[in-house]
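Just so we're on the same page: letters track the sequence lines, and every chain starts at 1.
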Protein chains: 2
Amino acid sequence: MLTHAAEDYLKSIYKLQEKGGKVSTGILAAYLNVKPASATGMIKKLKTMKLVSHKRYQGVTLTDAGKAIALEIIRHHRLLELYLFKALGVPWDGVHEEAEKLEHVISEDVEARMDEFLGYPTADPHGAPIPDKNGVVTKIAHIPMTDLREGQSCVVAEVSDSDSALLRHLGGFNLYPGTAFGVVEVAPFEGPFTINIAGQQVVIGREVAKHVFVDNVEE
Amino acid sequence: MLTHAAEDYLKSIYKLQEKGGKVSTGILAAYLNVKPASATGMIKKLKTMKLVSHKRYQGVTLTDAGKAIALEIIRHHRLLELYLFKALGVPWDGVHEEAEKLEHVISEDVEARMDEFLGYPTADPHGAPIPDKNGVVTKIAHIPMTDLREGQSCVVAEVSDSDSALLRHLGGFNLYPGTAFGVVEVAPFEGPFTINIAGQQVVIGREVAKHVFVDNVEE
DNA sequence: TATATAATTTAGGTATGCCTAAAATAATTT
DNA sequence: AAATTATTTTAGGCATACCTAAATTATATA
């Protein structure tokens, strides 16, 4: 069995790999809030377990085995988030932190029961895809909200998680995955968006909009 | 924040203290499946934190602060057991192991939500009392099933947890807390019990009966 | 190309929590 | 009371996973 720390490293490598670009020791360390030297140490250990491949100064890559574990942890995390949200009413800006601890200790049996309770969902409360039992992720390319123009309407697909202040802010506007809105006005010079959401007109700053992704864009 | 190991030690000291008798290093170590030397080390650490008092060769005692933490962990454990059982249908012989891991990571917020969902219960699936938020345990003295005589009827109050084979065995007879049964016959020479439970007549070995406690005994 | 800067790795140290083996202390038996 | 036995504690080790500081390697600049 892997340690929690090792699982966190694999998960982080996967996520950074997804974002594209090479996953250097430094980037990984920064992401995990540890020092580069610590990341080097763990990478060495994961390498002996054949979960990552790594050439000095060249960045890390997950092996198939490593990727499978990373996806398992991510599945735990996202199912837990959704379960906490739906079954226990934990606010969406709190589920991430909670799931971060639970993902390492939940059994496959309990996970399967939560999965069933939730009706085999495919996205967590932030809209991120939940890998299936076999580690298959169905990725859908979403449109950044910042690409929207005046007069367009759409549906929120996903928002960045892990910043709970941002999530509370978005929640205040009802900007949850599945919610539809229309763009009323885009201020010039890369300014804020005025949108019509649930009958309300609200202004969303550009920095905030960068963290929102949408689907079903129509004129 | 305490480590998981430290929490386990406090919980174990509490439970052993409950059973009566002095809690020696050796007994504590055996209970936790570690060597006596390891227990000595942790006791020393807990002592510097003023969570236990300890005089060399004299056994450990929880301080008020230590007892409060022990009860908090026990509350986590038992609420989790009941939640897993009622909300997710985890079989009662599996909830202990699962709760053992979760009790150290569950937040007070999630715990409060589970408590509410369960309607502020006072006993776990094995009939053990759940301490309240303030660490108050309402203990009820139960009667050992082995004290029962022919012709008496009663209601199962509590069974020992932590031995899942035993729990599966008892579950096979419907011998859950809350279930009523009557004693049909007690075999001589400290022999087995024949009981009438849910219309069925079943034989319960004495070694098994030792782990069952009952209430509401009537002739 | 040589040098300065940045990233990475190595080396050595800390804390936790377990271990074994030996020493110290207590309890029991003769 | 003395000797044996059992328990507890001390001493020293190991693995994990972090740290800092120094050495190495790569990259960018002059």
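In this structure, B/T40 reaches the bases: a heavy-atom distance under 4.0 Å links it to at least one base atom across the strands shown.
Atom-to-atom, CG of B/L46 to P of C/dT16 comes out at 12 Å; the value is rounded to the nearest Å. Per the geometry, CG belonging to A/L32 stands 12 Å off P belonging to D/dA17, to the nearest Å. Taking atom NZ of residue A/K45 and atom C1' of nucleotide C/dT9, one finds them 18 Å apart after rounding to whole Å. One atom, CG of A/L2, and another, P of D/dT16, lie 11 Å apart when rounded to the nearest Å. Between the P atom of C/dA15 and the NE2 atom of B/H4 lies a distance of 20 Å, rounded to the nearest Å. Atom OH of A/Y31 and atom C1' of C/dA7 are 21 Å apart (whole Å). One can place CD of B/E7 at 10 Å from P of C/dG17, the figure rounded to the nearest angstrom. One atom, NZ of A/K44, and another, P of D/dT16, lie 13 Å apart when rounded to the nearest Å.
Here the side chain of A/R78 pairs a donor or acceptor atom with the backbone of A/P129 at under 3.5 angstrom. A donor-acceptor pair is defined here as one N or O able to donate and one able to accept, closer than 3.5 Å; such a pair exists between the side chain of B/S12 and the backbone of B/D8.
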Hey, what are the protein-to-nucleotides 3-5 of chain D N/O distances that come in under 3.5 Å?
none

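Atom-to-atom distance recorded for A/I74:CD1 and A/I130:CD1 is 12.0 Å, nearest 0.5 angstrom.
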Checklist outcome for this item: Nucleotide by nucleotide, nucleotides 18-26 of chain C touches protein heavy atoms under 4.0 Å in the pattern (B base, S sugar-phosphate only, - none) SBBB--BSS
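A/K15 NZ: more than 12 foreign heavy atoms inside a 6.0 Å radius. A 6.0 Å sphere centred on NZ of A/K101 holds more than 12 heavy atoms belonging to other residues, nucleotides or ligands.
Across residues 15-30 of chain B, B/S24, B/T25, B/G26 each have a non-hydrogen atom less than 4.0 Å from an atom of DNA chain D (numbered order).
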Validation: residues 18-40 of chain B side-chain donor-acceptor distances under 3.5 Å, sequence neighbours left out:
residue : atom : partner : partner atom : Å
B/E18   : OE1  : B/K139  : NZ           : 3.0
B/S24   : OG   : B/I27   : N            : 3.1
B/T40   : OG1  : B/P36   : O            : 3.2

Please tabulate, for the side chains in residues 111-127 of chain A, all donor-acceptor contacts under 3.5 angstrom to protein atoms that are two or more places apart in sequence or on a different chain.
residue : atom : partner : partner atom : Å
A/E111  : OE1  : A/H76   : NE2          : 3.4
A/E111  : OE2  : A/R75   : NE           : 3.2
A/R113  : NE   : A/D109  : OD1          : 3.4
A/R113  : NE   : A/D109  : OD2          : 3.1
A/R113  : NH1  : B/L88   : O            : 3.2
A/R113  : NH1  : B/G89   : O            : 2.8
A/D115  : OD2  : A/R75   : NH2          : 3.1
A/D124  : OD1  : A/H126  : N            : 2.7
A/D124  : OD1  : A/G127  : N            : 3.0
A/D124  : OD1  : A/A128  : N            : 3.0
A/H126  : ND1  : A/E81   : OE1          : 3.1
A/H126  : NE2  : A/W92   : O            : 3.3

Side-chain donor-acceptor pairs of residues 47-59 of chain B under 3.5 Å, sequence neighbours excluded:
residue : atom : partner : partner atom : Å
B/K47   : NZ   : B/H54   : O            : 2.7
B/T48   : OG1  : B/K45   : O            : 2.7

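Scanning for salt bridge (charged side-chain N to carboxylate O under 4.0 Å, His left out) contacts around B/E158 gives an empty result, with sequence neighbours left out. Looking at residues two or more places apart in sequence or on another chain, you find a side-chain contact (heavy atoms from CB on, under 4.5 Å) between A/A209 and A/M145, A/T146, A/F193, A/I204. Remark: B/E100 pairs with B/K11 by the salt bridge (charged side-chain N to carboxylate O under 4.0 Å, His left out) rule, at least two apart or across chains. By the salt bridge (charged side-chain N to carboxylate O under 4.0 Å, His left out) test, B/D215 pairs with no residue at all, sequence neighbours left out.
A side chain to side chain donor-acceptor pair (under 3.5 Å) check over residues 205-214 of chain A, counting only residues at least two apart or in different chains, returns the pairs A/E207-A/K210.
For the helix from C/dT1-D/dA30 to C/dT30-D/dA1, the axis fitted to the five pairs at one end and the axis fitted to the five pairs at the other end meet at an angle of 10° (nearest 10 degrees).
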